[in-house]
Amino acid sequence: MLSTYFADMHIHIGRDIYNQPVKITASKNLTIQAILEESSRNKGIHLIGVIDCQSPAVQQEITQLIETNKAMELEDGGIRFESVTLILGSEIEIYDEHCHGPIHVLCYLPTLAQMQAFSEWLCKRMKNITLSSQRYYGSGIELQRKVKELGGVFIPAHVFTPFKSLYGKGVYNTLKEVFDPRFIDGIELGLSSDSQMADQIQELHDFTYLSNSDSHSLSKIAREYQEISMKFPSFREFYLALHRLKGRQVTRNYGMNPRLGKYHTTVCSTCFNKVTSKSTTCPFCGDTKIIKGVVNRIDELKDIKNSYDSRKNRPPYVYQVPLEYLPKLGKKTYEKLLRNFGTEMNVIHHAPLEELKKVIPEQVASSIVEMRNGKQRIETGGGGRYGFIK
């Protein structure tokens, strides 16, 4: 019997067990245990991918959780903690003589032992294994083969963002220039794009799309996520869902409207005025620092017009925003919602309007339902600045 589960497969670690930095730009409160507790108790997410698990100190903390019976390794891969399953991942930067990057990729492995073996292999090809998103010295295809040798999953990360992505920088127009398509298990879209935008590129049609948070703080976990039909949250079931085998599949992508993404449209990075995608100089301030938006980059890459209907061939891509984005929904209101409805997922997906109105002001309750139905009014983001809800 298959059920549906919520999954966010791109979460960073801020500090390790020794309070040393892992993802330098991430919150200090973002530890493995804090991520697991937040995902299970407050967010209501069933499957998470933590993508800094190549760090030996992170592996040590996971081992301690297992040894103290707070967590357990699953036979089908993954680490179970309370109501959430952790998939061990690593975000890696490819940038060398074979790949004019930088390009970020996500590598997931079934067991702690396989992740430890991966770390040993990376130590010879990476200067600092303890930090997140470090530069890897080797080809993309070599990395793919090692991940597959260890029984892992390989996914290019946030593929359209202007920096550190496959398509974003403009060096590559096809993934075949860097990777072997046979060893790609899915595509992560990133905050500034959605399924319909990505499906304008024919070579992506066969891949499952993931909408993940790329969380750098506890509050941003499940900023974007997906609903997956599986037997139980585990590595094996995740793999089957990516390849749409035995009825397993992503059934819905939940993400912010791409216009809320901080790289959606082309802007001047100095004055933040919107400019045309072909601009080389800002007509407002004269600066030449123009950051091309995702929507404009996809326009350059697209090779499909009317022959492929993303709405028929993909699961629905549902626009929504985290609760913290909603106007007038502050910390106290958020805490009141959790006390009454258990988890953020319950509030976002299940709590009826009338029940919400009993707990919080009617205007805020109505905004949650409007968000659920994708009816927000949006100011578009770009150039490193997020859009916002009007």
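- Note that the CG atom of L189 and the CG atom of L210 stand 7.5 Å from one another [nearest 0.5 Å].
- To the nearest 0.5 Å, atom CZ of residue R80 and atom CG of residue L47 are 9.0 Å apart.
- Among the candidates E120, E142, E93, the single residue satisfying the salt bridge (Lys or Arg N to Asp or Glu O under 4.0 Å) test with R125 is E142.
- Side-chain atoms of S213 do not come within 3.5 Å of backbone N or O of E224 as any donor-acceptor pair.
- A cation-pi arrangement is present between R135 and Y95 under the rule of less than 6.0 angstrom and at most 45 degrees off the ring axis.
- Using a 30° and 60° split on the angle between ring planes, H243 and Y239 fall in the tilted class, from 30° to 60°.
- Between S279 and T266, every side-chain heavy-atom pair lies at or beyond the 4.5 Å cut-off.
- Here the two rings, on F163 and Y263, have centers that are under 6.0 Å apart.
- Proximity of I66 to M72: side-chain heavy atoms (C-beta onward) are nowhere separated by under 4.5 Å.
- Ring centers of H349 and Y254: under 6.0 Å apart, within the cut-off.
- Relative orientation of the F6 and Y225 rings is perpendicular, given thresholds of 30° and 60° on the angle between their planes.
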Practice task
Walk me through it: do E237 and L240 pass the test side chain to side chain contact (heavy atoms under 4.5 Å, CB included)?
Solution key: CA-CA 5 Å; E237 292 287 310; L240 292 174; 4.0 Å; yes
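- Put simply, the side chain of M9 does not reach to within 4.5 Å of the side chain of E188, judged on heavy atoms.
- Classified by interplanar angle (parallel below 30°, tilted 30° to 60°, perpendicular above 60°), the ring pair F232/Y5 is perpendicular.
- L2 belongs to no multi-residue hydrophobic cluster, having no ILVMFWY side-chain contact under 4.5 Å with any other such residue.
- Because its NZ or CZ atom is not both nearer than 6.0 Å to the ring centre of Y167 and within 45° of the ring axis, R297 does not count as a cation-pi partner of that residue.
- Contact of the F154 side chain with the L143 side chain is registered, since non-hydrogen atoms from C-beta on lie closer than 4.5 Å.
- Linking Ile, Leu, Val, Met, Phe, Trp and Tyr whenever their side-chain heavy atoms come within less than 4.5 Å puts L36 and L109 in one cluster.
- Rounding to the nearest 0.5 angstrom, the gap separating the CG atom in N313 from the NE2 atom in H205 is 8.0 Å.
- At a threshold of 4.5 Å between non-hydrogen side-chain atoms, the residues L191 and H158 do not count as touching.
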